[in-house]
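Throughout, protein chains are lettered first and strands after them, A, B, ... in sequence-line order, and every chain is numbered starting at 1. What you see is a predicted model; the values in this text were computed from it and never measured.
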Number of protein chains: 2
Amino acid sequence: MSEPISAVNVAPRARPSRLRDVARLAGVSVPTASQALNGHARISAGTKERVAAAARELHYTPHAAARRLSRGRSDCVAIVPGMNMSGFFSDLFYRALLSGVGTALETEGFRMLITPAVRFDEQAPQFVQMARAREIDGMLLAGAVDVHWARRVLEAGTPVVLLDNYYPEAIAPAIVNDNTGGAYAATSHLAALGHRRIGFVGADVEYPFGSDTRAGYRRALRDAGVSADPALEVRCAIDAECARAAAGRLLDRAGPPTAIFAVTDMMALGVINAARDRGLRIPADLSVVGMDDIELASVTNPPLTTVRVHKEDMGREAARRLLDLIHGRDVDPAPVVLPNELVIRGTTGGPHGASLC
Amino acid sequence: MSEPISAVNVAPRARPSRLRDVARLAGVSVPTASQALNGHARISAGTKERVAAAARELHYTPHAAARRLSRGRSDCVAIVPGMNMSGFFSDLFYRALLSGVGTALETEGFRMLITPAVRFDEQAPQFVQMARAREIDGMLLAGAVDVHWARRVLEAGTPVVLLDNYYPEAIAPAIVNDNTGGAYAATSHLAALGHRRIGFVGADVEYPFGSDTRAGYRRALRDAGVSADPALEVRCAIDAECARAAAGRLLDRAGPPTAIFAVTDMMALGVINAARDRGLRIPADLSVVGMDDIELASVTNPPLTTVRVHKEDMGREAARRLLDLIHGRDVDPAPVVLPNELVIRGTTGGPHGASLC
DNA sequence: TTGTAAGCGTTATCAT
DNA sequence: ATGATAACGCTTACAA
């Protein structure tokens with residue numbers, strides 16, 4: 001240890017072995033070694049075994065860039081979380097989507113890259129650059145991603161599938177939950193319980209989710225013969241705290257709602273907190289319905305009545321369609337709308353403080 | 001819209017433009033275009049401008065794999081979270097490290113990849129494969145990563161720097177907090193307040209962090225003339241819930257401690273919960289000191305007395321040394337030990353229920 | 001069944 | 001200041 005300064009760099013920086021090293025050791029040509037390792041049929045079993053042994057001995061791993069350049073693909077897919085979610089990893093809804101995506105990709109040997117939709121300066125966002133740089137073979141745009149940038153990705157020749165969103169222009173296949181239907185079911189459930197002043201805590205976002213949920217809510221009111229009162233509708237960011245504030249405004253009105261439908265479970269939790277802030281009991285004084293059925297929903301107290309969204313299915317279906325596109329198979333660009341179902345738990349009851357709980 | 005089925009794939013899948021397209025449009029040769037875009041000195045200003053304009057017009061982005069192959073580097077660094085942390089992103093300590101790493105890399109135009117240390121089957125873990133595949137130019141191994149695998153990475157010719165860990169073999173530069181000193185300061189503080197039965201909630205891990213913190217704790221006791229009682233030492237996973245249980249065992253003893261040093265803030269929070277479970281007041285009935293000074297520490301009630309670890313600095317220093325290695329500059333392989341300081345807040349007081357609070 | 005030749009898109013080295 | 005040539009490591013098409 002007399003020369004600690006250079007000890008780290010003195011060791012001749014060993015290079016990883018290349019295919020030619022493997023080929024030489026196995027006594028075959030480079031292309032033969034390549035075919036052997038990639039399991040091509042026309043290589044004899046004996047050769048395959050010799051090459052495999054050589055590769056093992058040398059700890060051979062193909063040079064990723066070389067392979068990508070040569071094959072023209074990366075076996076890698078990017079998933080781009082849109083602007084509507086702040087903490088992608090902490091969001092239970094997106095985490096569930098992700099798990100569906102991951103399992104589907106895994107079975108086909110694809111890797112997954114998470115790329116935020118952030119944008120520096122005047123540049124195109126990173127995910128567009130990645131498409132142009134051919135770093136990935138396909139993209140999953142999840143949530144609120146501007147159609148303009150989706151176009152740029154497509155122009156770069158990279159297949160795109162939308163997840164939890166769709167564009168009216170139908171420029172790419174899309175997988176969405178039946179948000180209109182879910183909102184309809186949730187609201188109808190409240191109306192069926194006898195509620196007449198049903199509040200709506202919606203999402204203040206630009207993409208279809210915002211309008212679809214409101215459409216479902218309104219249609220349910222109309223079908224139930226309840227006159228819609230615009231004053232009972234509020235909208236805010238998709239976030240528990242914002243929903244708490246928004247619901248507070250609703251509850252502080254002269255004629256407050258006896259029930260509220262919030263378009264996500266996290267927002268429903270915010271609504272419940274707003275009610276608790278005011279000493280209201282759930283569901284005796286206020287019924288609440290959410291949407292998503294995240295893991296949290298069933299363990300709250302009381303457990304949340306909500307709309308079960310098949311998140312893993314959404315992720316899986318989206319990934320499958322993307323793989324189809326990547327492999328050159330045709331895919332219907334019309335949005336695929338996945339059904340959902342109402343799950344009645346403990347936060348809903350009749351308007352007069354009676355049932356459940 | 002009479003043929004929705006094939007609409008997506010019918011559009012000729014445009015290819016992103018290559019350098020030769022740019023060169024042709026600018027009326028120069030391919031190598032010239034390359035040099036112009038990469039800012040080589042010997043290209044005339046006029047040519048540079050023409051090439052830049054052409055590139056802009058064609059939305060040119062270099063093919064990532066081609067560039068990597070040609071340049072022999074990826075401008076990309078992997079950070080590998082060791083086995084000691086479950087949720088990497090939710091861990092406030094590692095998040096802070098990460099931010100330091102990120103800013104240091106960013107200024108040098110490097111990208112950062114997070115690769116879990118998981119291992120499938122009999123294979124080498126993914127991060128070793130990535131080194132062999134030359135997907136990255138260097139690696140930051142954070143926390144408990146087995147030295148065996150670090151060796152494999154080095155053998156692949158990939159520079160390594162250890163973060164929040166070091167190997168006795170000193171095979172790679174390392175950046176660590178002065179865990180021994182921090183534990184010493186924390187324990188000494190408690191002794192100075194008059195405590196004589198000082199508990200230790202340590203980390204049940206294989207790497208030096210576990211033994212270093214205990215060494216500091218013991219030395220502080222000895223220097224303060226307090227006889228060490230092995231029964232006051234417990235160890236468990238680095239986790240609030242585990243610490244809560246472990247501390248519970250300490251508090252349920254016949255002669256319970258009047259103060260406890262926990263080796264991380266999250267564990268200290270667990271200790272506080274254990275005390276609260278038993279109706280003890282902090283710090284009147286039990287003093288608690290943590291270590292790390294995560295954001296959470298200052299906002300608890302009462303605010304946590306802890307050892308401030310310079311997490312961003314650690315990340316930054318580690319990244320810098322890795323960049324040095326990557327650029328062929330020598331780096332001292334001896335561990336760099338960053339100092340820390342005790343931050344006295346509200347969870348510590350004298351042993352008789354008096355001071356503070 | 002295997003070896004030879006060519007090419008993927010970029011950058012570096014050498015002429016000019 | 002710029003253009004031709006070779007190289008990076010691998011895969012695919014073609015020849016043997």
Give the nucleotide from the list [options] with an atom nearest to the side chain of [X].
{"X": "B:Arg71", "options": "D:dG9, C:dT11, C:dG3", "result": "C:dT11"}
{"X": "A:Ile43", "options": "C:dT2, D:dT11, C:dG9", "result": "C:dT2"}
{"X": "A:Ala66", "options": "D:dC10, C:dT10, C:dC8", "result": "D:dC10"}

Figure out the [atom1]/[atom2] separation between [X] and [N], and round it to whole Å.
{"X": "A:His40", "N": "C:dG3", "atom1": "NE2", "atom2": "P", "result": "15 Å"}
{"X": "A:Arg134", "N": "C:dT10", "atom1": "CZ", "atom2": "P", "result": "11 Å"}
{"X": "A:His63", "N": "D:dA7", "atom1": "NE2", "atom2": "C1'", "result": "13 Å"}
{"X": "B:Arg68", "N": "D:dG9", "atom1": "CZ", "atom2": "C1'", "result": "15 Å"}
{"X": "B:Leu19", "N": "C:dT10", "atom1": "CG", "atom2": "P", "result": "5 Å"}
{"X": "A:Arg18", "N": "D:dT11", "atom1": "CZ", "atom2": "P", "result": "15 Å"}
{"X": "B:Leu69", "N": "D:dC8", "atom1": "CG", "atom2": "C1'", "result": "4 Å"}
{"X": "A:Asp75", "N": "D:dC10", "atom1": "CG", "atom2": "P", "result": "16 Å"}

Please determine if a side-chain N or O atom of [X] lies less than 4.0 Å away from the OP1 or OP2 oxygen of [N].
{"X": "B:Ser44", "N": "D:dT2", "value": "yes"}
{"X": "B:Tyr60", "N": "C:dT10", "value": "yes"}
{"X": "A:Arg67", "N": "D:dT11", "value": "yes"}
{"X": "A:Ser29", "N": "C:dT4", "value": "no"}
{"X": "A:Ser34", "N": "D:dT11", "value": "yes"}
{"X": "A:Thr32", "N": "C:dG3", "value": "yes"}

- Message: To the closest 0.5 Å, what do you measure between OG1 (A:Thr61) and CZ (B:Arg132)?
- Response: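 Answer rounded to 0.5 Å: 5.5 Å.
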
- Message: On DNA chain C, compare the nucleotides closest to B:Pro62 and B:Gln35; which residue's is nearer the 5' end?
- Response: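 Checking each residue's closest nucleotide, the 5'-ward one belongs to B:Pro62.
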
- Answer yes or no: side-chain N or O of B:Ser70 and base N or O of C:dT10 forming a donor-acceptor pair under 3.5 Å.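 Result: at least one qualifying N/O pair found.
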
- Task: Side-chain contact test, heavy atoms from C-beta onward, threshold under 4.5 Å: evaluate it for B:Phe127 versus B:Val153 and give yes or no.
- Result: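 Contact flag for B:Phe127/B:Val153 side chains = yes.
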
- Take B:Gly27 and A:Pro31, find for each the nucleotide of DNA chain D with the closest heavy atom, and name the residue whose nucleotide sits nearer the 5' end.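 Upstream on the strand: B:Gly27.
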
Looking at [X] and [Y], does any basic side-chain N land under 4.0 Å from a carboxylate oxygen?
{"X": "B:Arg95", "Y": "B:Glu312", "value": "no"}
{"X": "A:Arg67", "Y": "B:Glu135", "value": "no"}
{"X": "B:Arg321", "Y": "B:Glu317", "value": "yes"}
{"X": "A:Arg24", "Y": "A:Glu57", "value": "no"}

- Message: Categorize B:Val28 for me: base, sugar-phosphate, or nothing, with a 4.0 angstrom heavy-atom threshold over every strand shown.
- Response: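 Sugar-phosphate contact only.
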
- Message: For a quick check of understanding: with a heavy-atom distance under 4.0 Å over all strands, which category does A:Arg42 fall into, base, sugar-phosphate or nothing?
- Response: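 Here A:Arg42 touches the bases of the nucleic acid.
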
